Structure formats: C-alpha cells, structure tokens
Amino acid sequence: MRRTHHCNELRAQHIGEKVTLMGWVHLRRDLGGLIFIDIRDREGITQAVFDPSDLSAELFNTASSLRSESVIALTGKVRRRPGNNPTDRIPTGEIEVVVEALEILNQAAVLPFPINDSETTLKVNEELRLQYRYLDLRRPEMINNLRLRSKIAMELRTYMDEQGFLEVETPTLFKSTPEGAREFIVPFRNMPGYFYALPQSPQQFKQILMVSGVEKYFQLARCYRDEDLRADRQPEFTQLDIEMSFIEREDIYCLIEGLLKRIWKLARNIDIPTPFARISFHEVMNRWGIDKPDTRFGMELNDFSEEFKTSAFKVFSGTVAAGGVVKAINAKGLAGATQGQLEAMTEIATGLGAKGLASIKVENGNWKSPIAKFFSESEKEALTRKLQIEEGDLILFAADKEWLRACEILGRIRLYCAELLKAQGKLQIPADQFNFLWVVDFPLMSYDPEMERWYSSHHPFTSPVAEDIPLLKDAPLKVRGQHYDIVVNGVELGGGSIRIHQPSVQKTIFEEVLKIPADLVQSRFGYMLEAFRYGAPPHGGIALGFDRLVAMLCGSASIRDVIAFPKTMKGACLMTQSPGKVEESQLRDLHLTLNVKKETPSPEPLQNS
RNA sequence: GGGGGCGUAGCUCAACUGGUUAGAGCGCUGCCCUGUCACGGCAGAGGUUACGGGUUCGAGCCCCGCCGCUCCCGCCA
C-alpha cells in the first residue's frame, strides 16, 4: 500500500476516486454503528468513515480500537458527504473517504498529553513538551513554525545568491579566544592538554575569507556560548552571518533592508518601508534610554538640566552643578500606579545605581509628590509644557552625574511603565507593527571601572571612524566605531561593523588600548595579523540572530518554539537527558581527571510505560 | 552568582484563616449508541500533593532544605 494523496488534498473533484491515505489518528468519533476517524498528516486532516454494512466485523472492530495518534493507512472511495453534512471546519470538509481497507502501521500508547486540542496543549507544562518533543512538534502550530523557519531560510539563501554571495562553511572546532563570551571547550585525544573551543561566531574566519578574496560571504552558522540563558538565548543558536569586501556602512544597510523586506513579505505579507531610520547611539540613549529602543510607543525621555540648574531642589541643581543631568518621562495615565509598583520602579532605578526615583502623580488637579513643593512656578511650567502633563499622568525623574546612567535608568523605567500600561489596556500595540531602525555611531571603546580597563563596545575588530584613529591611544572614549545594530520593536536583531583591515591599527587596538599582552595577541590572533599583511581588502559585515528573527515572524515569545530541539534554561535536553556523564575510558583517552566537588544528582529518569 | 513565579490524578486546574475519606473537566477502561465533527449516554479505575526534614492534636496549605521548570538582573566582545 502506498499513499496516493496527503490529508489536505482531496476535494469535490476527487469524488469517486479510490485513494490511500496515511497518517495519524487525530480524532475518533465512535457512534457505535458508525465510526468517524479524522486522519492527520503534515498537510491537514481528512475525515474517514467506517460503515459496518460494507465491512467485515474484524475490520470494524479494528477501527473501533484505534487510539489517538496511532499511525494508520486506509484505502477507500472518496464521496461527497451525504445530506447537509459538509463542514468548513477543515478544508477537506466537502468530502470523506469511505474506508474499504485499514492497516495499523503503529499502535500508539496512551499519550502523556493531548496534542489534538491546541487550547489545552498551549497550557501544557513546557517541561513535559520538551521531554516528549516529538509529540509537541506534531502539533500543527509547531510544525508550522518549523515550516516557516525553513521557508525563511530558503528565501534568504535565494536572496543572498541573487546578490552574489557565496555560502561558505567554517569550522565549529575552533580555538579559544580571549574576551567575549564564555566558551564551550572540547578536549582533543591526539594532543593531550590541548582543547578546541566551539566558536561564539565565525568572526575570524569570515574576515579571513575576505582576505581570501571571497568578497561576498554568508552562512547560516551555528554559534555556541556558555552563558546563562534567557527566553531569547540558547547555548547553541543560529545566526545569519555576512561579510563583504570593498564596501561602506551604507552597503550593509541596503543589503539588510532588502533582505528583511523580502522575508517580512514572505512570512507575514507585510510591506516594511525602507530605508530604515539611522539614529546615533547618543540620540537613542538620550530619547529612549536604551541602545535597542522600542519606538512603537512614545514616553520619550526629556532633558531638564537647564531648567533645574538653579532649582531650590538641591538634588537636581546639585547634580547639574556637578556636570550631571536631570531627565524625566511622562508615563501617560499611570497616576494610578500602586505603592508596590512605584517601589518596584525605585528598585529598578537603585539597581542601576540611582540614589532614588523621584515621581509626581497628577491626580485631582494636584501634583502629589514629595518633591514638587521645591519646584518654582517656571519649573512647573517647563515640566507641564515639555512633558505635556495632564490629569492622570505619572512623571518620573532621574538625576545623575553620568548622562549615560540617567538615560539607562529612565530607559528601564520606561519599559516597565509600558508593561503596566499594556496590562491596563491603556497602551495597545498592533501585532503587525514592526519599527525597524539602525543604531549607529557607537563609541568604539567602553571603560570597565571594576577591571580598570577598556574593552571593545562591539568587538576588537571594529574599525574606528577614520578621522578618529589618531585619538585611539590618548582619548579612546572619543573614538567612534563603524559599528551598527539593527533593531526592531525593542529587540536587537543583529549587529556588525566595518572591520579593521590594517595590521598596524589592529595591533594598536589589541596591545595599546585593550592591553592584551603581545604574546597572547600573537598566540590567539597572530594568524589574523599575519593574514592582513598579504593584501587584506577593506571589509565589513553583520550577523543577524536567526532564531530571534524566526520567533518574531512566528509571533513566539520564546525562541524555544522555533528550534526543533531546544535546551532548558539550565542547558539540559529533557528528551535525550543531555549533557551526560562519560566513561572512565573516555576520560583516560583524553588525559583528563575530574575534580568535581559536589556531585550533581542525575536528572530524573524518563517514565516508561 | 542574585531576585521573582510555578510544581496536587496521564493532562489542565480546584481544595476558605491548617481541620472528615484531596475534588472537577478532559483523557483512560468497560457497556450502550448508524451522520458525527470538542459526538452523546451510563458505569469504573486512577493520588507517596516533586523530594527530604521540621512545627502542630492535625500539614497540599506554615517553616527549613533540596530538585526541576520558568521569568528577570548580573553575564551574553
């Protein structure tokens, strides 16, 4: 028996044909003298009917014993559903298959959770779904996520090919690099004491490919980072990795805008307008207090340093006198915030280094606030005008000697307030709104006061803006990097930069700015510096988080829903029970001995029926 | 590393300030049912309340510990 059609194929035009379908028992409706089976495959559902007047008792009994999710093959004639029984519940609802032969290909055991009722399944414990991932993936919602992911990947490859890119694979057994994320390392039997590291990204290889003359490279690359996980972070993930030679920043913007336009059209039939806004790091911090702003709602940060320079409120005037800033946002309609919510906001603020969080509730025509009594009429007027204060508003202030910190504090508060307003129904954001923008002109270097050293804001291969190169050694803070991030709806979709292609500049960054010892630079990056000596073209690139992109287009809050076999927040695979222990002999081969202080209990064994 | 949430039948949930034999729907098992499509009807089985301690006359509920899942901060060049 071979199948003749899939389960979403039969229509009125097939009436009278003898067909064979194969699939899973989706739903059984046993009327005693008549049995209906919904048979399901990847494509859809078809109703089959068992009529005892035409069937052997044996076959009819077999049909009545069918369990949910058993795999069956059935053969029969297609007919129009009699009477007024067609249904628009399923696309095949006009017809049904009158079964003449039935074969059970695999009898399913009782399921650990229902999969034919999406309402229930949506609520099923994710732990259970991950343990029985194959059942979870059988659900139409999950199959559709995988399908869309595949379609996006195909479209992306087509687009990149059209643009003249070569897909090149790079090694996943790489070497450890200083800086960056914690790495997974892989011991190597043939070289005792030596380890590979899994790549955090193909960064070095893609630059080397430019030196190789590939000119246009891309890859859907697996990357590995041994860091703590989040809803949008997995220890292994996929990024669309791109690198090009002989280009400027605008070339990358153009390429990515074209790509995203194509993908959004394909996946959501949405025409996203291009080009995207290009906004400097300084401006996004100043207006939204975060380097990945969600611009779908306002509540922007306003600066009041000038207005409070001579204020009677010493906290504000003192901060300005010390070279700091006073900033405020208006959380429209949030005057009803509870004490607990205000405390939560204060906690967010102090967690970021604020001394406190000043606020004003505008209720019953009054400014309810511990600090408003210090404000002069002109200060109040300025607040009212610039923040467009009305009845029911909540005003929140951040004053800090550091401009950046004041911005970050209010940026975080802004997002928290937006969540509250959403929960109260006072802020509504359409599901099909996508606000893309480029964030540009990042500072090349940032300073870590704890470690007392400079580190690369993006990564150490990022090229400074040409005219800022002379400032590198003496005023690193003033050097702008040719780095860019693509942001949509408050999510960083990706980032990249124009790279350094001159060995002297790269050496300066490594040794004189980052203060990586020369011998370490030589052992870790020596091959790159060497490569750059033999004709390295100017080049640059970008990487997009592919899982995040797909999750966004699927409307999933978690990237776990668009990855076939994701890991839990602790990095475990609940289906295969990985990671696992290894045999003593394996350790011996690798010349490793364990020094485990606290025995980690083995995960609970799978329950077998 | 830190903070929050969750864990009760196979699944989703309930069980008042600690108080009888821990309930319901779905699923499962058996019987009935010839046009259903969440089919319907009747009956039944099914529980170490994640796990280990403690307080109490009495703990699903309170306390301590521990495991797992999840969300956030730190971290993720």
Side-chain angles (χ1 to χ4, degrees), chain A residues 26-38 45-54 60 64-65 67-68 81-90 92-93 96 109-132 135 177-183 200-201 203 223-235 237 344 347-348 351-352 412 415-416 419 442 444-446 448 450 454-462 481 483 492 495 497 509 514 516 545 557-558 560 567-570 572 574 598 600-604 607 609:
Chain A
H26 188 69
L27 204 58
R28 189 189 61 204
R29 293 178 294 279
D30 188 342
L31 274 57
L34 195 64
I35 299 169
F36 296 98
I37 297 283
D38 284 345
I45 292 173
T46 301
Q47 172 169 289
V49 58
F50 296 77
D51 188 333
S53 55
D54 304 326
F60 194 75
S64 75
S65 75
R67 281 221 200 90
S68 273
R81 292 195 186 195
N84 54 354
N85 283 314
T87 176
D88 50 12
R89 179 177 62 97
I90 46 177
T92 58
E96 64 188 2
V110 175
L111 301 172
F113 59 90
I115 72 169
N116 58 9
D117 177 358
S118 58
E119 214 170 289
T120 312
T121 313
L122 273 178
K123 292 197 286 186
V124 171
N125 205 338
E126 189 170 6
E127 201 173 340
L128 203 64
R129 291 174 47 204
L130 289 175
Q131 188 181 342
Y132 298 94
L135 292 179
T177 50
E179 306 223 347
R182 190 180 300 115
E183 298 161 318
Q200 305 165 28
S201 77
Q203 184 63 34
C223 307
Y224 307 86
R225 294 179 189 172
D226 183 9
E227 296 289 352
D228 289 337
L229 306 177
R230 290 281 191 285
D232 61 353
R233 277 195 234 153
Q234 283 274 302
F237 61 99
E347 231 165 82
I348 291 170
L352 287 167
R412 198 70 72 75
L415 292 178
Y416 180 81
E419 287 308 312
F442 287 81
L444 185 69
M445 314 301 295
S446 306
D448 181 345
E450 264 176 47
W454 294 92
Y455 62 95
S456 301
S457 304
H458 182 46
H459 59 51
F461 312 109
T462 303
H483 166 201
E492 182 193 325
S497 62
I509 298 269
L514 294 175
I516 302 176
S558 160
R560 289 187 298 272
K567 294 185 170 48
T568 68
M569 290 239 149
K570 286 208 169 160
L574 297 179
K598 197 176 119 194
T600 307
S602 64
E604 284 177 34
Q607 298 152 357
S609 50

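Chain letters run A, B, ... following the sequence lines, proteins first and then strands; every chain starts at 1. Remember, it's a predicted structure, so these values are computed and weren't measured experimentally. Scope of the values below: all heavy atoms of this structure, side chains included, with no hydrogens, waters or symmetry mates.
Remark: the A:Arg560 side chain and the B:rU70 base include no donor-acceptor N/O pair separated by less than 3.5 Å. Residue A:Arg225 places no side-chain atom within donor-acceptor reach of the base of B:rC76, judged by atom type and a 3.5 Å distance cut-off alone. Side-chain atoms of A:Glu347 and base atoms of B:rG3 include no donor and acceptor less than 3.5 Å apart. A donor-acceptor contact under 3.5 angstrom links the side-chain atoms of A:Asp228 to the base of B:rG74. A donor N or O paired with an acceptor N or O is not found under 3.5 Å between the base of B:rC73 and the side-chain atoms of A:Arg412. Below the 3.5 angstrom threshold, one finds a donor paired with an acceptor across the side chain of A:Gln47 and the base of B:rU36.
Here B:rG35 presents its P atom at 17 Å from CD1 of A:Ile37, a figure rounded to the nearest Å.
Under the ring pair (Phe, Tyr, Trp, His ring centres under 6.0 Å) criterion, A:His459 pairs with A:Phe461, not counting sequence neighbours. Scanning for salt bridge (charged side-chain N to carboxylate O under 4.0 Å, His left out) contacts around A:Glu126 gives A:Arg560, with sequence neighbours left out. Every side chain to side chain contact (heavy atoms under 4.5 Å, CB included) that A:Asp226 has, sequence neighbours left out, goes to A:Arg182, A:Phe184. The side chain to side chain contact (heavy atoms under 4.5 Å, CB included) search around A:Leu415 returns A:Ile290, A:Phe297, not counting sequence neighbours. The salt bridge (charged side-chain N to carboxylate O under 4.0 Å, His left out) check on A:Arg89 picks up A:Asp38, with sequence neighbours excluded.
Counting non-hydrogen atoms under 4.0 angstrom, A:Thr177 reaches nothing in the nucleic acid. Residue A:Leu27 is classed as a sugar-phosphate contact, given heavy-atom separations below 4.0 Å to backbone atoms only. Note on A:Pro460: a base of the nucleic acid sits closer than 4.0 angstrom, heavy atoms only. Note on A:Asp226: nothing from the nucleic acid sits closer than 4.0 angstrom, heavy atoms only. Counting non-hydrogen atoms under 4.0 angstrom, A:Arg129 reaches nothing in the nucleic acid. Here A:Glu96 lies in heavy-atom contact (under 4.0 Å) with a base. A:Leu128 comes within contact range of the sugar-phosphate backbone alone, with a heavy-atom separation under 4.0 Å but no base atom that close.
In this entry B:rG40 has B:rC32 as its Watson-Crick or G-U wobble partner, both defining distances falling under 3.5 Å.
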Collect all protein-nucleotide pairs involving nucleotides 23-31 of chain B in which both atoms are nitrogen or oxygen and the distance is under 3.5 Å.
residue	atom	partner	partner atom	Å
B:rU29	OP1	A:Arg67	NE	3.2

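The closest donor-acceptor contact from the side chain of A:Glu183 to the backbone of A:Thr177 lies under 3.5 Å. In this structure, the side chain of A:Arg28 does not engage the main chain of A:Ile35 through any donor-acceptor pair within 3.5 Å.
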